[in-house]
Amino acid sequence: MCGIVGIVARNAVNQSIYDALTVLQHRGQDAAGIVTCDGDRLSLRKDNGLVKDVFRTRHMRDLTGNMGLGHVRYPTAGSSNSEEAQPFYVNSPYGITLAHNGNLTNAEALKSELYQSGLRHMNTDSDSEVLLNILADELLRLGKQRVDHDDLFDAVARLHRRCRGAYAVVAMITGFGILAFRDPHGIRPIVFGVREDEAGPEAMVASESVALSALGFDLVRDLEPGEALVIDKEGRLFTRQCAVKPALNPCIFEHVYFARPDSLIDGISVYHARLAMGEKLAAKIMRLRPQHDIDVVIPVPDSSRYAALALAQELGVPYREGLIKNRYIGRTFIMPDQPKRKKSVRQKLNPIEMEFRGKNVLLVDDSVVRGTTSEQIIQMARDAGAAKVYFASAAPPVRFPNVYGIDMATRGELVAHGRDEDEVGAAIGADWMVFQDLSDLIDAVGEHRAEIERFDDSCFSGMYVTEDVDEAYFQHIEELRSEVAKSERRARKGEVMFLNNR
């Protein structure tokens, strides 16, 4: 999962892109990058780390120009190499830079195809670099000295026919403008907005609407599945549907965990969706345990807070903030490896003992993935004196990998894979475990958006909307994502660094 932004303005965009990336920091804490265009000259700065650490005053001074892109990265295959920080750049044709959120499911085949047909070499293992080269390949086939918006739309249409998977993309054509597009299933989010400057119109593209509002842009709408948007250097907007059979299948996990609650995604308020998740979960608890003995509802901060609040209100049980979060520790789900996740849980959360001591506590989290964090939090509650610890998940059991841009672990590392709900509860040490039903989650999120044909809920259901995910692909991502594979990559990287420094 990543955050992307693109801006065409009347004045320098470096500070605006920086500000937008800080708003989108929750979408990726591994690396950050900004590229700007000043006439025909590009300036690029990217590195591992948070936005505030990657960009210093000297870097910002160098990022000149009224047009640019930004990216915050979360490693979808567990790699945290600085070489894979975005935006990526290719010089031919025209000088193209690109930032991408999502994951191509046919990246390996495309990489081979690019080399065989155009002798294009990939310098990283990132599918985003593959996507950039596919776009460059399609534009090169035009054989034109200059392109217009219709040429870009034609290239995106051909790209859609070659690429499979999830992709929300913002690209910059040097000296021309910005191109944004969304995959034909609309899996990953992308929105655009405008504002008026005294000198003329300005436009912005971003992963979430909150980035637009934070910078004073008015939200126009989400890009539709398969649709492309061109913003030329004068700030004029052009759109075209570039897919043959687009269908809106957005990722439902955005609403469960990733997106900020003050965002709108495909017209749906993330905040209201999470409130509805809590209401649905409370109704299930009343069906299963109408005579429950829950004394207090405590959220696992932050993304479960609104579901927990609504749940407590429906049950008529006190809601308390019993776990205090250290806001200088990153989100444990998107830590690049399991040792860091384990270590950070105790650093991140600290209990208020009076809210636990002698009480039957219902802890509410947004989801349970590996179970490591949940197990530690439950033990934390017991150590604080809880009589009983119940655990509720605002999402259904995560039993399958996400292949569309979320590094959600392999099947064997998912605590719910091959286990029923009671077995998951026992594995994490809860006295009782309750999960949201998938049908209730879909109703909670999609209640007011009839045009969503179906959500991508593959990590819960095992049904993949692109219909190209098979056992061979599972084996491939397990080679990339397993903790053993990540440890081996870190060891190899350490050996290379040792040899280089001898």
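For the single chain, residues carry numbers from 1 onward in sequence order.
A distance of 9.5 Å separates CD in E83 from NZ in K46, rounded to the nearest 0.5 Å. Between T97 atom OG1 and H71 atom NE2 the span is 12.5 Å, to the nearest 0.5 Å. In this structure, NE2 in H59 is found 11.0 Å from CG in L44, a value given to the nearest 0.5 Å. Rounding to the nearest 0.5 angstrom, the gap separating the CE atom in M60 from the OG1 atom in T36 is 9.5 Å. Distance OG1/T174 to CG/D38: 11.5 Å, rounded to 0.5 Å. In this structure, D262 CG and S213 OG are separated by 6.5 Å, a value rounded to the nearest 0.5 Å.
Side chain of E208 to main chain of R260: a donor-acceptor pair is present (N/O by atom type, distance under 3.5 Å, no hydrogens or angles). In this structure, the side chain of S263 does not engage the main chain of A259 through any donor-acceptor pair within 3.5 Å. Within the 3.5 Å criterion, the main-chain N or O of A247 finds no donor-acceptor partner in the side chain of R454. With hydrogens and angles ignored, the 3.5 Å screen pairs a side-chain donor or acceptor of D232 with a backbone N or O of R236. Using modelled atom types, no side-chain atom of S112 and backbone atom of A109 make a donor-acceptor pair closer than 3.5 Å. A donor-acceptor contact shorter than 3.5 Å is absent between the side chain of S126 and the backbone of E84. Without hydrogens or angle criteria, R27 side chain to C2 main chain gives a donor-acceptor distance under 3.5 Å. In this structure a side-chain-to-backbone donor-acceptor pair under 3.5 Å is missing from E227 to F181. Proximity of a side-chain donor or acceptor of Q241 to a complementary backbone N or O of A243 within less than 3.5 Å is detected. Looking only at distances, no side-chain donor or acceptor of D127 sits under 3.5 Å from a matching main-chain atom of V130.
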Inset, instruction - Give the C-alpha distance, both sets of side-chain angles, the deciding distance and a yes or no for side chain to side chain contact (heavy atoms under 4.5 Å, CB included) between V147 and Y94. - result: CA-CA 9 Å; V147 290; Y94 315 120; 3.2 Å; yes

May I have the step-by-step check of side chain to side chain contact (heavy atoms under 4.5 Å, CB included) for M277 and L441, ending in yes or no? CA-CA 6 Å; M277 291 177 207; L441 176 63; 3.9 Å; yes

Do N249 and F455 pass the side chain to side chain contact (heavy atoms under 4.5 Å, CB included) test, and can you show the C-alpha distance, the side-chain angles, and the key distance before you say yes or no? CA-CA 5 Å; N249 307 134; F455 285 99; over 6 Å; no

- Item | Criterion side chain to side chain contact (heavy atoms under 4.5 Å, CB included) on T410 and I477, from CA distance to verdict | CA-CA 7 Å; T410 63; I477 63 173; 5.9 Å; no

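Between T64 and N14 the shortest side-chain heavy-atom distance does not fall below 4.5 Å. Looking at L323 and P299, their side chains never come closer than 4.5 Å, going by heavy atoms from C-beta outward. Side-chain contact between R141 and E138 is present, with heavy atoms from C-beta onward closer than 4.5 Å. Between I406 and Y74 the shortest side-chain heavy-atom distance falls below 4.5 Å. Side-chain contact between Q347 and N326: absent, with no pair of heavy atoms (C-beta onward) separated by less than 4.5 Å. At a threshold of 4.5 Å between non-hydrogen side-chain atoms, the residues D53 and R56 count as touching. Contact annotation: the side chain of T466 approaches that of I187 to within less than 4.5 Å [non-hydrogen atoms, C-beta and beyond]. Inter-residue side-chain proximity for I190 and I4 is flagged as met; some heavy-atom pair is nearer than 4.5 Å.
Checked by atom type, the side-chain pair D468/T105 shows a donor-acceptor distance below 3.5 Å. For S304 and D366, the side-chain atoms include no donor-acceptor pair closer than 3.5 Å. No hydrogens or angles considered: nothing links the side chains of T22 and Q25 as a donor-acceptor pair under 3.5 Å. Using modelled atom types and a 3.5 Å distance limit, the side chains of E129 and H121 yield no donor-acceptor pair.
Scanning all heavy atoms of the two residues, the minimum distance from G235 to V8 falls at N-CG1, 4.0 Å. G186 and L248 get closest at one heavy-atom pair: O-CD1, 4.3 Å. Scanning all heavy atoms of the two residues, the minimum distance from V13 to A9 falls at CG1-CB, 3.6 Å. The nearest pair of heavy atoms linking D222 to G267 is OD1-N, 3.5 Å. Closest approach of L131 to C163, counting heavy atoms only: CD1-SG, 3.7 Å. For P401 against L414, the heavy-atom pair with the smallest separation is N-CD1, 3.9 Å.
Tested against D137 for a salt bridge (charged side-chain N to carboxylate O under 4.0 Å, His left out), the candidates K111, R162, R158 yield a single pass: R162. Of the candidates D30, N101, N48, D30 is the only one forming a side-chain hydrogen bond (donor to acceptor under 3.5 Å, both in side chains) with R73. Screening E202, E198, E234, E196 against R10 for a salt bridge (charged side-chain N to carboxylate O under 4.0 Å, His left out) leaves a single residue, E234.
Between H160 and Y167, the ring center distance clears the sub-6.0 Å criterion. Centroid-to-centroid, the aromatic rings of Y306 and Y271 come within less than 6.0 Å.
At a threshold of 4.0 Å, the pair R45-D62 does not count as salt-bridged, since none of the basic side-chain nitrogens sits closer than that to a carboxylate oxygen. Ion pairing between R188 and E254 holds under the 4.0 Å rule for side-chain N and carboxylate O. The pair R305-D302 counts as a salt bridge, with a side-chain nitrogen and a carboxylate oxygen less than 4.0 angstrom apart.
In this pair, F253 and F460 present their aromatic rings tilted. The plane angle is within the 30 to 60° band.
Atom CZ of R221 has more than 12 neighbouring heavy atoms from other residues, nucleotides or ligands inside a 6.0 Å radius.
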